[in-house]
Each structure stands twice: as structure tokens, then as C-alpha cells.
Amino acid sequence: MKRSYTSCGELNAGNIGDTVTIKGWVNRRRDHGGLIFLDLRDRYGITQVVANPENAPEAHRTAEGVRGEFVLAVTGEVGRRPEGTENPNMATGEIEVVVSTIDVLNPSKTPPFYVNEESDVDESLRLRYRYLDIRHPRMQRNLRIRHQAVKFIRDYLDDRDFLEIETPIMVKSTPEGARDYVVPSRLYPGEFYALPQSPQQLKQLLMISGVDRYYQIARCFRDEDLRADRQPEFTQLDLEMSFVDREEVLELTEGLFREMFKQIAEKPLQQTTFPRMSYHDSILRYGTDKPDVRFGLEISDVSQVIQDSEFGVFANTVSSGGVVRGFAIPGRAEIPRSQVDALTEAAQGFGAKGLVWIGLESGENGLAARSPIAKFLSDGEVRGLADATGASAGDLMLFVADAEDRAAEVLGRLRNHVAEQYNLIDESVHAFVWILDFPLFEWDEDAQRWDAAHHPFTSPMDEDIPYLDSDPGRVRAKSYDLVLDGYELGSGSIRIHDRSIQNRMFGLLGYSEEQVEARFGHLLRAFEYGAPPHGGIAPGIDRTIMLLAGEQNIREVIAFPKNQSGQDLLMGAPSPIEPEQLDELHLQLNLPPEPDEENS
RNA sequence: GGAGGCGUAGUGUAGUGGCCUAACACGCUGCCCUGUCAAGGCAGAGAUCGCGGGUUCGAAUCCCGUCGCUUCCGCCA
């Protein structure tokens with residue numbers, strides 16, 4: 001149904017002569033003593049209103065008392081602005097509403113920050129007054145993009161026979177994974193519901209239920225510390241399909257994201273067919289399982305090249321089982337000392353023992369090295385390093401010698417750091433990439449046992465099943481991560497539907513039969529009644545929208561987010577509850593001691 | 001839990017040992033002003049420089065502690 005009044009964005013020259021009523025907030029007021037101009041703002045735009053004391057003395061008197069953010073209903077005739085006073089910067093700049101009456105629907109206090117311009121205001125203040133912050137075009141746009149993306153997802157999946165099904169928010173606590181948020185039970189003293197970390201088990205049950213293609217825009221909860229891309233409650237596109245292999249999940253997901261970005265994103269995709277990379281390759285070439293492939297600086301292993309080097313650090317690292325890896329920065333051979341020091345410091349901050357740099361110059365016999373370790377390097381080694389990293393004269397090579405996983409991590413982070421530092425990221429595109437063939441298990445050093453890398457229902461690759469008992473670290477999973485611009489958007493896998501393999505998984509993870517029964521009994525019983533092969537994925541909605549909107553922080557695409565300390569500054573949560581509420585829930589508080597206030 | 005950055009009128013910033021009785025812009029209040037659109041002009045109010053302690057003849061400025069925000073590490077099957 002059309003609204004009964006006119007919005008602030010729709011009037012144009014075609015409406016000249018119409019009598020209209022527009023409603024909205026006062027964006028700006030310009031008082032000329034005689035004429036008063038008011039810019040009225042709503043979601044759809046801004047329209048100039050002019051109050052003339054000669055035509056409408058009463059309305060003019062009202063306009064004198066109006067201030068920013070007052071809510072008005074203005075009635076008047078749409079007029080063409082006088083020759084020479086049109087504003088080409090405004091969508092409605094050809095016209096104005098010549099006031100006959102102004103109705104102040106509500107006054108406003110002076111806002112604590114500017115609503116009529118974008119400025120870099122302290123985020124706590126924005127969050128405390130989020131309802132004012134959301135009046136900004138930036139937030140309006142972000143929330144609109146979010147709506148469009150979610151609507152696109154629903155339409156796309158609806159076209160492909162998916163059913164959207166809601167699963168409970170109050171579920172059962174499982175000690176797996178992240179810390180649970182829990183809800184005390186009034187009816188069962190001492191017992192608790194948990195909020196879902198994801199609807200993982202429920203969607204698998206829906207597959208057994210014959211739903212066959214399920215999705216949900218699912219709210220998930222994890223009681224872990226926050227980051228720029230992590231909130232304690234967040235939204236996933238949770239989806240699952242029956243009778244599919246990995247390829248079908250990848251194709252469905254890839255199609256969805258490709259079309260969604262084509263329709264909504266402002267930037268094109270670097271490649272419309274998402275590149276695929278094994279976990280192993282990603283760690284080797286990018287030092288991370290969520291590579292940003294919008295820039296080069298690819299990492300190479302040069303251990304073979306310098307294993308016999310006279311430079312002891314290199315040779316010794318390799319002979320003791322470590323690696324030497326590095327990458328080249330094009331055109332930076334002449335790097336000043338201060339920048340070398342800064343890079344070294346950064347690398348050490350990432351966990352490196354040190355950083356070797358080699359500037360390549362053209363010399364008499366080909367390449368010459370400018371480096372503190374130049375005197376230890378043969379011409380052949382310099383050439384070998386250049387070949388391995390793809391460097392040529394004028395480029396700067398950086399190397400780290402360490403244990404394999406440490407070297408990979410340091411270089412991965414250094415690669416991102418350098419790209420940012422030297423502006424090497426192609427910000428004009430989005431780059432998706434699939435990371436495949438993750439290991440099924442990770443070794444938990446603290447607990448001295450194998451842990452599920454994804455979750456315990458992830459299927460091993462068929463050809464790796466023989467190594468389940470003999471060499472668990474070698475077993476690859478039928479799992480996959482969708483990565484965009486260096487952010488992990490989501491993970492998925494083909495699940496185990498074979499009870500005997502599931503039992504072997506639990507055995508390897510060190511669960512006793514009692515633990516298995518207590519945690520997963522319901523799911524395993526369901527698997528005994530005809531579970532179809534199935535698999536799915538769960539991309540994060542907030543991160544996707546963040547990247548679609550070009551934001552650096554998911555709080556910018558969430559209407560009412562928590563701050564980094566996990567507080568809702570607008571509502572004031574968390575907060576104490578009444579003793580009566582505690583009693584009803586059979587709870588007693590066991591608070592940490594108050595900090596000593598004697599010295600304050 | 002750890003590391004870095006930040007904290008000065010309502011907002012954004014300047015000021016890094018005395019010239020600070022803390023400056024500038026916007027906002028706010030009052031007056032003037034009939035074609036502005038970041039309107040303009042004049043006048044004015046508004047800050048115990050996050051908080052506490054210390055060094056010093058003297059601290060927004062240096063030191064110590066503490067609190068808040070933020071980014072990262074740990075954590076996030």
C-alpha cells in the first residue's frame with residue numbers, strides 16, 4: 001500500500017503545482033530573517049522547504065522555532081525554484097515545497113553528534129545513541145544492502161527447492177567448540193539450555209527427516225572474545241543438502257555468491273569462477289588458510305636452494321628440520337634502512353626470530369645482492385632465490401627461517417602487512433577463493449590428543465580412510481572454506497553418514513562411550529533410521545555484508561551490535577537481575593571479590 | 001589473560017614543561033538579515049585537559065598506577 005503522504009525523495013519537476021504533505025526530520029535550517037529554508041530528511045532523500053512570512057505568516061513563525069532533528073509534517077505547493085537557485089547536487093534540487101502549514105509532530109533535543117553529516121565520532125557514543133546513528137545515510141545504506149543480500153539469498157534458494165526452517169534458540173549445551181551462552185531452567189533446578197553455536201546437529205536431523213534441501217538465516221551465539229569481524233551473536237546462512245557430493249555444495253554456493261555479488265556489490269569479482277586451492281597449498285603460498293588473493297607477494301620455499309649455504313642460520317634451520325621461505329616485493333630493492341627495521345620489527349611481532357632481506361640489483365654477472373648476508377651468498381644461490389621467489393633486478397626479497405608452521409604464519413602475516421603498507425591490494429575487485437582438502441584432525445598440543453579440525457561429523461576423504469588409525473594427521477576431510485578478500489566467510493563439509501566411521505572418529509577424538517551417548521546420542525540414534533548422505537556450508541552473513549558494503553567492521557552492518565567488551569551500550573546489557581529472578585531460577589551468585597578501593 | 005593505539009568544551013581536533021587565565025572549526029544561545037542549500041554577519045555561553053598519585057618553583061604536557069574505547073594475540077568444533 002502506498003503511504004498517505006509524500007516522501008522526501010520522490011518530488012521532481014513533474015510535481016510542480018501539486019499540493020503535498022511531506023513528513024520527516026529537519027536536516028538543516030537556514031534562516032534569512034525573512035525566508036526560512038528547511039531541509040526535510042527521511043529514508044528516501046531530502047527536500048527543501050521554504051517558509052515565506054508574506055504567504056504563510058503562521059507557518060513562518062513556527063519555522064523560526066524549529067531546530068535540527070525536529071519531526072515535521074509540512075503541507076504546501078511544489079514549486080519550481082527560481083532561475084539560478086536550483087541545486088544540481090540534490091536529487092530534488094529543481095523544486096521546493098512552498099509552505100502553507102507546518103505541524104511540529106515532535107521537537108528534538110540537540111543531538112550529541114551530527115546527524116546531518118558523516119563525521120568520525122567516538123563509536124561508544126554512536127552505539128549509545130544508535131537510533132540517531134542509523135539516521136546517517138551510511139548506516140541506512142548498510143542496512144539496505146543487508147536486506148537486499150538476505151532477500152537475494154531467500155529468492156535464490158527458494159528457486160532451487162530449499163525450505164527455510166527455523167530451529168530452536170534454546171538447545172542443549174555441548175562442551176565442544178566455543179564456550180556456550182546458557183539459559184537457566186526454572187522448571188528443572190540446576191539445569192540449563194544453551195544458545196546454539198550453530199544449528200549444525202539440527203540441520204543434520206532435518207536431512208534425516210527427508211527435508212533434503214534446508215536453509216536458515218540463523219542467529220548463532222558463541223561466548224568468546226570479540227574482534228572487528230566477530231560478535232558474540234552473529235548470523236549465518238546455514239544450509240544443508242541431501243544426496244550431494246562436495247562438488248554440488250561448492251557449485252550451489254558459488255552460484256549463489258557470484259550472482260549475489262553481481263547484483264549487489266559495487267566492485268566486480270576478480271574471477272567469476274572461484275579459484276580452488278588445497279589447504280596445503282594455501283599455507284605454503286599464502287601462509288594462511290584465508291588468503292587475500294587480490295595481491296601477489298606469493299610465498300616460496302627456498303630450503304633446497306640454501307640448504308648448504310654459508311649463512312649458518314639458513315643451513316642450520318634446514319638441517320634441523322625447519323624451512324626457509326620468503327617472498328619478493330617488486331621494485332623495493334632500494335628500501336631505506338628505517339623501513340627494513342620496521343619490517344623486521346613487524347616480523348618479530350608476528351613471531352619471527354629475525355628477517356633476512358636481500359635487494360636485487362643488476363650486477364656484472366647477472367644479479368647482485370644488497371644485503372647484510374650478501375657475503376655469505378654465492379651467485380648461484382642469489383639466482384636460485386630470485387628464481388624461486390620470481391624476483392628480478394630492482395626487487396626486494398624477504399626471508400624467514402623457522403619451523404615450518406611458524407615460518408608459514410609469520411610470512412602470511414608479513415605478506416598482509418607489506419601489502420597494506422605499500423598499497424599493493426587491488427581494492428577495485430572482490431576475490432573469492434575456495435580452500436579445500438583440510439586435514440580432518442588437528443593435534444592438540446595441550447591435551448596431547450587429536451581434535452576435529454572442523455567438527456566431529458566431518459567425513460574423511462574416501463581414499464584417506466585407510467590412514468584413520470595408522471596416521472590420523474594425514475587424513476584429509478571432505479571439508480571446504482569459502483574465503484573472500486582475506487576473510488573466512490564460512491566452512492562446510494560432507495558429513496559422515498556411516499555409523500561405523502562415526503564411531504571410529506569418536507574413538508580417535510578420545511570420547512568415551514558415555515560421553516558420546518551424553519553429547520551426541522540423539523543424533524547417532526537418528527543416524528540408525530536411514531540417514532541420507534548429506535553435506536552443507538554456513539557462510540557468515542555479517543562478514544559478507546561487511547565486504548559488500550566496503551566496511552572494515554561488522555558492527556557497521558549490524559543494527560544494534562555489542563561493543564568490544566560485549567556490552568549493548570544502548571540497552572545497557574548485560575545487567576544485574578532482581579534477587580527474585582535468581583530465586584525463581586534456583587541460582588546463587590558467586591561473584592569475584594570487589595577490587596580493593598582503599599587506595600582510590 | 002597479554003601487546004599496541006587513543007582519551008582536551010556537545011562533536012572533531014590543536015597544544016608534548018612557563019608565552020595556557022587552554023586554541024580552532026562545527027554545534028548551541030541571543031540579535032541582525034527575503035533565495036539559501038556546509039547560508040552570511042555580530043555578540044555570547046560552554047572544558048575541574050578520563051581518573052588517582054608522584055616529580056618539579058611550575059604539569060594538558062614528564063613518571064607510576066588505574067579506568068574506558070579500539071586493533072591484534074590467546075580464544076573462536
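A note on names: the letters A, B, ... follow the listed sequences, proteins ahead of strands, and every chain is numbered from 1. Note that the coordinates shown come from a computational prediction; the quantities given were computed from them, not determined experimentally.
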Nearest-angstrom distance from the residue atom CD of A:Glu83 to P of B:G35:
16 Å
Does a side-chain N or O from A:Ser124 land closer than 4.0 Å to OP1 or OP2 of B:U70, or not?
no
Given B:G35, B:G12, B:C76, the nucleotide with the shortest approach to the side chain of A:Ala178:
B:C76
B:U11 base stacked by A:Phe113? Criteria: ring centres under 5.5 Å, plane angle under 30°.
no
Test for a donor-acceptor pair under 3.5 Å between the base of B:G27 and the side chain of A:Arg67, counting only N and O atoms.
no
Just checking, is any N or O donor in the side chain of A:Gln48 or A:Arg30 under 3.5 Å from an acceptor N or O on the other one?
yes
Under 3.5 Å, is there an N or O donor on one side and an acceptor on the other linking the side chain of A:Arg222 and the base of B:C76?
no
Can you tell me how far C1' in B:G17 sits from the matching atom in B:U61, rounded to whole Å?
6 Å
Between A:Arg499 and A:Asn503, do the side chains contain a donor N or O and an acceptor N or O under 3.5 Å apart?
yes
Identify whether NZ of Lys or CZ of Arg in A:Arg519 sits under 6.0 Å from the centre of the six-membered ring of A:Tyr511 and within 45° of that ring's axis.
yes
Roughly, in whole Å, what's the span from CD in A:Gln348 to C1' in B:A3?
15 Å
Give one of base, sugar-phosphate or nothing for A:Thr85, where a contact means two heavy atoms less than 4.0 Å apart.
base
Mind telling me whether A:Phe113 and A:His136 have parallel, tilted or perpendicular rings, with 30° and 60° as the class edges?
parallel
Nearest to side-chain heavy atoms of A:Glu224, which nucleotide of B:G10, B:C76, B:G35:
B:C76
Remember a base hit wins even if backbone is also touched, and classify A:Glu86 as base, sugar-phosphate or nothing at under 4.0 Å, heavy atoms.
base
Looking at B:C6, which nucleotide sits across from it as a Watson-Crick or G-U wobble partner, both distances under 3.5 angstrom, or is there none?
B:G68
For A:Ser198 and A:Gln236, does a side-chain donor sit closer than 3.5 Å to a side-chain acceptor?
no
Nearest to the side chain of A:Gln564 - B:U71, B:C37, B:U11?
B:U71
If I take atom CZ in residue A:Arg126 and atom C1' in nucleotide B:G10, what distance separates them, rounded to the nearest angstrom?
17 Å
Provide the distance between the two P atoms, one in B:G50 and one in B:A3, to the nearest whole Å.
22 Å
Do the side-chain N or O atoms of A:Arg28 get closer than 4.0 angstrom to the phosphate oxygens (OP1, OP2) of B:U36?
no
Touch class at under 4.0 angstrom, heavy-atom based, for A:Arg413 against every strand present
sugar-phosphate
The nucleotide from B:U36, B:C69, B:C76 with an atom nearest the side chain of A:Arg230 is B:C76
Quick one: sort the A:Tyr129 and A:Tyr131 rings into parallel, tilted or perpendicular, breaks at 30° and 60°.
perpendicular
Going by atom types alone, do A:Glu94 and A:Asn12 pair a side-chain donor with an acceptor below 3.5 Å?
no
Of the options B:C28, B:U11, B:C69, whose atoms approach the side-chain atoms of A:Ser119 most closely?
B:U11
Below the 4.0 Å mark, does B:A39 have OP1 or OP2 next to a side-chain nitrogen or oxygen of A:Arg30?
yes
In terms of side-chain heavy atoms of A:Asp31, which of B:U70, B:C33, B:G27 is nearest?
B:C33
Write down the distance between CD (A:Glu117) and C1' (B:A25), rounded to a whole number of angstrom.
11 Å
Quick one: A:Glu54 CD to B:C33 P, roughly how many Å, whole number?
14 Å
Across the strands shown, which category fits A:Asp122 at heavy-atom distances under 4.0 angstrom: base, sugar-phosphate, nothing?
sugar-phosphate
Which part of the nucleic acid, if any, lies within reach of A:Gln197 when heavy atoms closer than 4.0 Å are counted: base, sugar-phosphate only, or nothing?
nothing
Assess whether one donor atom and one acceptor atom, taken from the side chain of A:Arg29 and the base of B:U36, lie less than 3.5 Å apart.
no
Cation over ring, A:Arg543 on A:Tyr487, under 6.0 Å and within 45°?
no
Considering only atom C1', compute the distance from B:G4 to B:G44 and round it to an integer number of Å.
43 Å
Among B:C72, B:U70, B:U34, the one nearest A:Arg555 by side-chain distance
B:U70
So A:Thr458, base contact, sugar-phosphate only, or nothing? Heavy-atom distance under 4.0 Å.
nothing
Whole-Å gap separating P (B:C76) and CG (A:Asp229):
15 Å
Tell me the partner of B:G27, counting only Watson-Crick (N1-N3 plus N6-O4 or O6-N4) or G-U wobble (N1-O2 and O6-N3) with both under 3.5 Å; none if nothing fits.
none
Would you say whether A:His32 stacks on B:A39? The test is a distance between ring centres of less than 5.5 Å and an angle between planes of less than 30°.
yes
Let's see if you can work this out: which of B:U34, B:C75, B:C37 has an atom nearest to the side-chain heavy atoms of A:Leu35?
B:U34
Note: A:Glu123-A:Arg555 ion pair, threshold 4.0 Å (strictly below):
yes
Describe the nucleic acid contact of A:Asn553 in one word from base, sugar-phosphate, nothing, applying a heavy-atom distance below 4.0 Å.
sugar-phosphate
For B:G18 and B:G1, measure between their P atoms and round to the nearest Å.
39 Å
With the side chain defined as heavy atoms from C-beta on, A:Leu125 is closest, among B:U11, B:G27, B:A39, to B:U11
Start at the 5' end of RNA chain B and walk down; is the nucleotide closest to A:Gln48 or to A:Leu127 reached first?
A:Gln48
Measuring only the P atom in each nucleotide, how far is B:G7 from B:G40? A whole number of Å is fine.
30 Å
Checking all strands, does A:Glu96 fall into the base, sugar-phosphate, or nothing category for heavy-atom contacts under 4.0 angstrom?
base
Calculate the interatomic distance between A:Lys109 atom NZ and B:G27 atom C1'; express it in whole Å.
15 Å
Suppose you measure atom C1' in B:A23 against the same atom in B:U36; what distance do you get, rounded to whole Å?
31 Å
For B:C73, does either OP1 or OP2 sit under 4.0 Å from a side-chain N or O belonging to A:Arg227?
yes
B:U34 OP1/OP2 closer than 4.0 Å to side-chain N/O of A:Asn52
no
Report which part of the nucleic acid A:Asp225 touches: base, sugar-phosphate, or nothing (heavy-atom distance under 4.0 Å, all strands).
base
Considering only side-chain heavy atoms of A:Pro112, which listed nucleotide, B:U36, B:U34, B:G10, is closest?
B:G10
Rounded distance (Å) that lies between atom P of B:C73 and atom CG of A:Leu414:
15 Å
